[in-house]
Each structure stands twice: as C-alpha cells, then as structure tokens.
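This report concerns only the one structure given below.
Side chains included, hydrogens not; waters and symmetry mates left out as well; all remaining heavy atoms used. Order of listing sets the numbers, starting from 1, for every ligand and every atom in it.
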Amino acid sequence: MKIFNTLTRRKDDFVPLEEGKVKMYVCGPTVYNFIHIGNARPMIVFDTVRRYFEYKGYDVNYVSNFTDVDDKIINKAIEEGVSAQEISQRYIAECKKDMAGMNVRPATTHPLATEEIGGMIEMISDLIEKGYAYEKNGTVYFRTRRFKEYGKLSHKNLDDLRSGGRSLLVTGEDEKEDPLDFVLWKPKKEGEPAWESPWCDGRPGWHIECSVMSRKYLGEQIDIHAGGEDLVFPHHENEIAQSEAANGKEFAKYWMHNAFLNIDNHKMSKSLGNFRTVREISEQYDLQILRFFMLSAHYRSPLNFSADLMEASKNGLERIVNAVEHLKHLAGAAKTEKMTEEEKTAFAKTDEYVKAFEDAMDDDFNTADAVASVFDLVKYTNTTAEGESSREYLQSLADRLVKLSDVLGLIVDRKEEILDADIEKLIEERQAARKAKDFARADAIRDELLEKGIVLKDTREGVQWKKI
Ligand code: AMP
Ligand code: ZN
C-alpha cells in the first residue's frame, strides 16, 4: 500500500509502527460556525482512509480534535453575548450532525483543546526546560532555530522564511528573540477565557494543542498525521518542531494532505460571499451525494464544487443504488436458491473488479479509480443478473456492491441500513431519557439499536457507537 507522504514528497510504502495497527491523527475544525463544505473534504477523505485500513484488517485508532478555544470563537461569543463555551459546544453538536449525515464515523476519540490544558502546560514547561522555548512578559515562544530540522515538512529553508517573513508572524514580534519564533502560550485579554499557568493567566497557541492531544491519545509516535494542505505550514511544521523537541523521536511517519475545495472555480471564502455550509447543501441534496462528489476526485487534486458536478454525482450514486435494488428485487423473486457452476464462474469474474478497486485504493487512496471499478461491477451485474439467476448469485453480487461502497462510506442499501443520522438521533433521545431518569425508555432505545447491529459504549467523551 502506498501513501503520498508530504514529508518525503513521494509515494512511500505503508509500514505500520505496530503490526496490524494504525495510529492516525486528523486536525479537526475550529468550532465557531457550521462547518463548510471545504472542512467536509478532509473529514470525508480521511474517514475513507480509515475505512480502507479497516477493510484491510487493520485496527485503527483515529483521533480528531475540536479546536474549541480560538479568536474566532471568542469574537462570535462577544457578538452574541454568550460564553465561548456555549459557542463551541453548539457548533460541535452541529458538526457531529453533519458528520453523521455524510456517514463520517465518529473518531475513536474527539478530544477538546479546552480539556487538555494541563497537558499543554506540561509540554510547554518541558520545552522550556530543554531550551526549546522561552518566556517573555507572560508569553511563551518556541525557539524555532533551535530545532534543526525546522522546515522539513514544508520544504522551506529557514533563511527564505526569514527574508519573506514578517507577514508570517503573529503579534508580539518585538519581544521575540527571532522573528521565526512562534507562540506556545499567550496572556489573556479582557473578557477572554483563560487558564492559570506558571507564566500568566492565558491560553495556549493553536499548534501546541495537536502535539499534546496526539501524544496523549496515540503515543509519542504515530503512523499518520493528516489535514488540509493549508495546514502544512505553519501548523504541521510547528507541531513537528514541538513534538520532536519534546519527545526526542520522529512524530509521524506519514503526513497526508488533501487539496482544497473551490467553488465555481474560485477559492471559497467569506469575503467573496461564495461560502457554503454542509447544512445548506443538506437542504438541497442528500449528503451521501456530497460524499460521492468528494470521492470522485483524487484527494490531492483540487476539486471544484458546482451544481453540474453535484447533479452528475447524484446520477452516479443512483446508478449504484439502483443496481443493488434491482439485484435484491430479483433475489426476492428468484426461483432457484444455489449458484449453478456457470454462475460460480461468472461470480469469480467479479474478483477482477474487487482487485481493481483494491489496486486503486492501494495507490495512495485513488478513490476516483475505485469508484470507476464499482461502476464496472455495476455494469457487469446489470448484464449478467436476470430473472432466471439463482438467489445466491444475485445476493452475492449485491453483497459485493454494498461492501465496496461501504469502504467508501457510501450507503447504497438504504432499506436495511440504518442511517448514521438516525443513530445519532436515537442516541440523543436516549441521553435525554436518561437525564429525565426514564431508564426504561433509555434501555428500550439501546435494545432497538442493538437489534439493528449498533452497540453503544458510554465513555468519558460521551456515547460512542459501532456497527457489529
Ligand atoms: P479549520 O477549521 O479552518 O482549521 O479547518 C479544518 C480543516 O478543514 C483543516 O484540515 C483545513 O485544512 C480544512 N479545510 C478548510 N478549508 C478547506 C477547503 N476549502 N478545502 C479543503 N479543505 C479545507
Ligand atoms: Zn492540528
């Protein structure tokens, strides 16, 4: 299996740190609004990466944070006259609904930055002790030049950065030892959320969050660290500097970055007014279509969102759904049960499509080609399945289509599959019932989900569920 690694700039063979296991960290959204369809791209792409690893038999520990302390959250809170926590909690809940709609599975852990401040203070103190960080008037900076490999991910040279530099800098540069140094901890301003620290009441810089949460939930070394391409520099470069300086070992082996989603051939931005949230799209389309659309391109290619492409995606997804429906309809009316010898040979031919699918996914998760092999399988089933076919043959073809689609997170067998959005709704209802001490109702919901093959686990981070 090959993965394009931003660190090496080539497709590297995937060799896990621990056999049969994948430790993966994906930088999550800053929660100050509904997520937009650009944010949805890494969610869908890396959920698909996770699903494919699982299909290949790996046990995947998938961690994705919510950045719930940030200037944008604070500004929104001031605007609405509510607490920053109220804003972040509201949009985390909304984001989870959108994820469910897109069939993006909840991460193994979704840590919140505000719940990990202690760990951040610890890592910053350690960096100061090791000489990689220093404090000036309550602000703590990372001593960038002290980390000799700085620039290895973004392939930037320190001196170029310096000369091109000032615009890259955050406020407070005057007191820095070097313009390249970045903030690990900053003093609070009036009305901002703040935490006590050895340096001042304040809050962490953005980069330190991910270094700390990744180490806590996955360990000092991980297999894959991922996010959108805008995060390569400075966010991921800084994460590497912090983690490797603190831990004394390579942080992540593979760095994956998705290209950007544009809209009508323009960069999507608030100022251009061409900004679309996932929620808006869901009013017009089933979010499965958005997922299909995202996967119809390679994740490292820029992708343009347009009504035409969404219509094409709608038709594409429908072709698979219709094929499965047709097979099931025929299977329901089949006159014979078992596959004939001829059918066995015909079914064995579909191995070819499965192999093409796997080859595409093994080649740096080429979902565009993987979708093409699902279409080839659709074409094959449409030409070989007929009224005279055995139930076993028809069912086996349908199972194959459903299985490959499921690796892509596409639900093509709606009748039997309970939608993630419905699961989330039932979980919310169960939580409400528990709060109201209606334990009978809460248990009934748990049983109802179990019947549909969904098991619930109550954890400190909330309720998690999985399909069995
Ligand atoms: P943010 O909330 O801005 O930190 O973004 C969360 C994730 O969405 C990051 O991985 C970003 O790189 C990614 N992202 C933001 N905008 C886009 C876009 N237009 N296309 C693709 N990915 C994006
Ligand atoms: Zn991050």
Examine the proximity of ligand 1 to N39 and report which part, side chain or backbone, both or neither, has a heavy atom under 4.0 Å away. both
Please indicate whether any nitrogen or oxygen in D230 is less than 3.5 Å from any nitrogen or oxygen in ligand 1. yes
Polar-atom distance check: T30 versus ligand 1, any N or O pair below 3.5 Å? yes
Which of the numbered atoms in ligand 1 are under 4.0 angstrom from any heavy atom belonging to N258? 21 (C), 22 (N)
Using a strict 4.0 Å cut-off to heavy atoms of P29, name the atoms of ligand 1 that fall inside it. 2 (O), 6 (C)
Nitrogen or oxygen atoms of G38 and ligand 1 under 3.5 Å apart: yes
Can you tell me the protein heavy atom closest to atom 13 (C) of ligand 1 and the distance? P42 CG, 3.7 Å
Could you check whether any heavy atom of A259 sits closer than 4.0 Å to an atom of ligand 1, since that is the contact criterion I want to use? yes
Run the numbers for me: atoms of ligand 1, each under 4.0 Å from some heavy atom of L261, listed by number. 18 (C), 19 (N), 20 (N), 21 (C)
Please list the nearest protein heavy atom to atom 16 (N) of ligand 1 with its residue and the distance rounded to 0.1 Å. H36 CE1, 3.4 Å
Checking one value in my table: which N/O/S atom of E239 lies closest to the Zn ion (ligand 2)? OE2
Mark up the atoms of ligand 1 that fall under 4.0 Å of a heavy atom belonging to G228, in ascending order. 10 (O), 12 (O)
Once the angle between the rings of Y150 and F233 is folded into 0 to 90°, is it parallel (under 30°), tilted (30 to 60°) or perpendicular (over 60°)? perpendicular
Using a strict 4.0 Å cut-off to heavy atoms of L231, name the atoms of ligand 1 that fall inside it. 9 (C), 10 (O), 12 (O)
